[in-house]
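First the structure, in the form of structure tokens, and then the observations on it.
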Amino acid sequence: MDKIAAKTVVNTIIVVASLMMLSNAGLWGSILAALVLGVIAYVVGDMLILPATSNIVATLADAVLAYVVLWAASAMAGWTMSYMDLLVPVVLLGVAEYIFHIWLMRDGIPGRMSRTDMNGRA
């Protein structure tokens, strides 16, 4: 659970700070966007893509996902973010995700059974 909490805190700080500095996004809208992105990125990037591929592939997938989710949130909420402004949180999140993936690969992914667990061995 500590990994999920750490990811949530770091990603929320990056997203909220970026959105509030680069657009007219409010605090609660930024927090909501960060939490939605965090849940989707954890399930898709960390639980599905990372175990099946590599850190680079999972990080790129997370970056594309972040761009799409933040672009959609910006469009729906009417935030003043250009396509280039969106690159700031995406690049920062990419760096954070790359480091987070190293931690996950070293210690295991919470909520996902290991291969030995699936084969019935200890």
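- Not counting sequence neighbours, the partners of Thr59 by the side-chain hydrogen bond (donor to acceptor under 3.5 Å, both in side chains) test are Asn55, His101.
- Residues Met81 and Leu87 are members of one and the same hydrophobic cluster, defined by side-chain heavy-atom contacts under 4.5 angstrom among Ile, Leu, Val, Met, Phe, Trp and Tyr.
- How far CD of Glu97 is from CG of Leu60: 11.5 Å, rounded to the nearest 0.5 Å.
- One hydrophobic cluster holds both Leu50 and Trp103 under the rule that ILVMFWY side chains link at heavy-atom gaps under 4.5 Å.
- Here the shortest heavy-atom pairing between Leu92 and Ser18 reads CD1-OG, 4.1 Å.
- Heavy-atom minimum distance, Val15 versus Ser30: CG1-O, 4.0 Å.
- Remark: Asn11 CG to Leu35 CG distance equals 10.0 Å, nearest 0.5 Å.
- The shortest non-hydrogen separation linking Ala66 to Leu37 is CA-CD1, 3.6 Å.
- Of all non-hydrogen atoms in Met20 and Ala25, the two that sit nearest each other are CG-O, 3.6 Å.
- With hydrophobic clusters built from ILVMFWY side chains whose heavy atoms lie under 4.5 angstrom apart, Leu22 does not share a cluster with Val16.
- Tyr67 and Val88 fall within the same hydrophobic cluster, defined by Ile, Leu, Val, Met, Phe, Trp and Tyr side-chain heavy atoms under 4.5 Å apart, directly or through other members.
- In plain terms, the two heavy atoms of Ala41 and Asp62 that are nearest each other are O-OD1, 3.7 Å.
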Residue pair Thr8, Tyr42: steps toward the side-chain contact (heavy atoms from CB on, under 4.5 Å) verdict: CA-CA 9 Å; Thr8 302; Tyr42 186 76; over 6 Å; no
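- Checked against side-chain contact (heavy atoms from CB on, under 4.5 Å), Val43 has no partners two or more places apart in sequence or in another chain.
- Of the possible polar contacts, one joining the Thr80 side chain to the Asn24 backbone as a donor-acceptor pair under 3.5 Å is found.
- Atoms CG and NZ, on Leu104 and Lys7 in that order, are 7.5 Å from each other to the nearest 0.5 Å.
- Within the 4.5 Å cutoff, side-chain heavy atoms of Lys3 are placed close to those of Phe100.
- Listed by chain and residue number, Leu19, Leu70, Ala73, Trp79 satisfy the side-chain contact (heavy atoms from CB on, under 4.5 Å) test with Ala33 (two or more places apart in sequence, or in another chain).
- The hydrophobic cluster containing Tyr98 does not contain Val44, counting ILVMFWY residues as joined when their side-chain heavy atoms lie under 4.5 angstrom apart, directly or transitively.
- The minimum heavy-atom distance between Val90 and Ala63, with the atom names listed, is CG1-O, 3.6 Å.
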